[in-house]
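Structure, as structure tokens:
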Amino acid sequence: MSQPTTAALPANGATAPDALEIRDNRTGTSYSAPIRTEGPEGDTYIRASDIKQVKREAGEFGTLSYDPAFMNTASCRSAITFIDGDKGILRYRGYPIEQLAENATFLEVAYLLRHGNLPDQKQYDTWVHDITFHTYVHENIRKFLEGFRYDAHPYEYALQRHGGTVELLSAGARHSRPAPALYQHDSPHGEAADHCGSLRTGT
């Protein structure tokens with residue numbers, strides 16, 4: 001039988017890290033599992049693998065955690081999104097999703113997706129300028145769009161438009177403007193602005 005263990009105190013008066021102390025009354029052994037707070041909302045958790053160390057005998061696999069339907073299990077750590085369904089909370093990069101839906105423009109959200117934060121006024125003005133520049137397309141794109149029947153189903157039309165047309169627009173942009181201009185150091189948005197501008201035109 002294992003002997004009871006006692007967690008060692010940190011040296012030099014340092015503060016002990018947060019930990020969950022687990023005592024197995026079958027063996028009298030105590031175990032320590034670090035309590036982590038790495039989530040975007042300061043959620044605390046312990047790793048399920050830390051429970052594996054709880055054993056009655058050395059040859060055992062270890063204790064498993066059982067959580068039907070993942071009711072209290074986090075499958076991953078995310079610095080991008082936070083969801084609390086019971087409280088109706090959904091955040092992206094710390095921004096409440098309802099505020100983005102109600103107050104942010106399409107291009108502000110596009111900037112957020114691209115860079116991970118909302119732009120300030122100077123960044124937004126540059127972003128809008130770069131994308132607006134890339135919305136101009138060659139006149140032959142109209143012939144492509146006129147190839148659809150007047151009574152085409154909206155879903156099929158949208159599917160082809162956002163698939164084939166965006167690729168065609170992007171290809172046209174590369175042939176109509178010198179490639180280096182898309183990747184200038186003073187215009188860091190480059191290809192992202194090209195695709196966003198093409199998507200807006202296709203829409």
Side-chain angles (χ1 to χ4, degrees), residues 1-128 130-131 185 188-193 195-196 199:
M1 178 181 296
S2 302
Q3 295 298 319
T5 60
T6 303
L9 295 176
N12 302 323
T15 303
D18 293 337
L20 177 66
E21 299 297 329
I22 305 172
R23 184 177 184 278
D24 188 348
N25 63 9
R26 302 171 302 174
T27 62
T29 305
S30 295
Y31 305 88
S32 179
I35 297 177
R36 308 169 191 271
T37 57
E38 301 167 3
E41 298 290 321
D43 301 318
T44 58
Y45 68 94
I46 64 170
R47 294 184 182 276
S49 57
D50 291 338
I51 304 175
K52 185 179 178 181
Q53 63 183 319
V54 181
K55 303 178 181 179
R56 179 159 26 190
E57 298 178 359
E60 290 183 352
F61 178 80
T63 302
L64 300 173
S65 62
Y66 177 59
D67 183 15
F70 266 32
M71 297 301 294
N72 192 42
T73 296
S75 60
C76 66
R77 289 189 296 110
S78 174
I80 299 176
T81 59
F82 174 76
I83 301 173
D84 188 332
D86 294 335
K87 296 181 179 179
I89 298 175
L90 174 58
R91 297 192 180 104
Y92 180 80
R93 298 285 190 183
Y95 300 101
I97 200 70
E98 65 274 10
Q99 292 185 13
L100 294 175
E102 294 173 1
N103 303 319
T105 66
F106 168 80
L107 291 182
E108 284 177 323
V109 174
Y111 188 97
L112 173 61
L113 295 173
R114 176 70 173 82
H115 297 279
N117 59 272
L118 289 174
D120 58 29
Q121 190 60 51
K122 181 178 180 180
Q123 293 170 330
Y124 181 70
D125 291 341
T126 302
W127 178 243
V128 171
D130 290 349
I131 289 181
H185 293 293
H189 307 304
E191 192 170 0
H195 284 296
C196 286
L199 183 62

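What you see is a predicted model, and the numbers here were worked out from it, not measured in a lab. Atoms considered below: every heavy atom in the structure, side chains included; atoms not considered: hydrogens, waters and symmetry mates.
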*asked:* Does any part of the side chain of Arg93, heavy atoms only, come nearer than 4.5 Å to the side chain of Ile80, both counted from C-beta?
replied: yes

*Mind checking what makes side chain to side chain contact (heavy atoms under 4.5 Å, CB included) contact with Glu60, not counting sequence neighbours?*
Lys55, Arg56, Glu57

*Mind listing the closest non-hydrogen atom pair of Ile46 and Pro34 along with its distance?*
CG2-O, 3.5 Å

*Are more than 12 heavy atoms from other residues, nucleotides or ligands located less than 6.0 Å from atom CG of Asn72?*
no

*Does Thr63 use its side chain to pair, donor to acceptor, with the backbone of Val54 at less than 3.5 Å?*
yes

*Starting at CG of Leu107, measure out to CZ of Arg114 and round the result to the nearest 0.5 Å.*
14.0 Å

_Ile89 and Ile83, any side-chain heavy atoms less than 4.5 Å apart_ = no

*CD1 of Ile131 to OG1 of Thr126: how many Å apart, nearest 0.5 Å?*
11.0 Å

_Residues which pass side chain to side chain contact (heavy atoms under 4.5 Å, CB included) with Lys122, listed by chain and number, not counting sequence neighbours_ = Asp120

*Could you give the distance from CD (Gln99) to CZ (Arg91), rounded to the nearest 0.5 Å?*
9.0 Å

_Thr29 and Gln53, any side-chain heavy atoms less than 4.5 Å apart_ = no

*List the atom of Ala33, the atom of Asp50, and the distance in Å for their closest heavy-atom pair.*
CB-CB, 3.9 Å

*Look up atom CG in Leu90 and atom CD1 in Ile97, then write down how far apart they are to the nearest 0.5 Å.*
5.0 Å

*side-chain contact (heavy atoms from CB on, under 4.5 Å) between Leu20 and Tyr31, intermediate numbers included*: CA-CA 8 Å; Leu20 177 66; Tyr31 305 88; over 6 Å; no

*Could you tell me which residues satisfy side chain to side chain contact (heavy atoms under 4.5 Å, CB included) with Asp125, sequence neighbours excluded, listed by chain and number?*
Gln121

_Distance-minimising heavy-atom pair for Ala104 and Val109_ = CB-CG2, 3.8 Å

*Walk me through it: do Tyr92 and Leu113 pass the test side-chain contact (heavy atoms from CB on, under 4.5 Å)?*
CA-CA 9 Å; Tyr92 180 80; Leu113 295 173; 3.6 Å; yes

*Would you indicate whether the side-chain heavy atoms of Tyr124 and Val128 approach each other to under 4.5 Å?*
yes

*Heavy-atom check, side chain of Pro119 versus side chain of Tyr111, under 4.5 Å*: yes

*Indicate yes or no for a side-chain donor-acceptor contact from Tyr95 to the backbone of Leu112 under 3.5 Å, with no hydrogens or angles considered.*
no

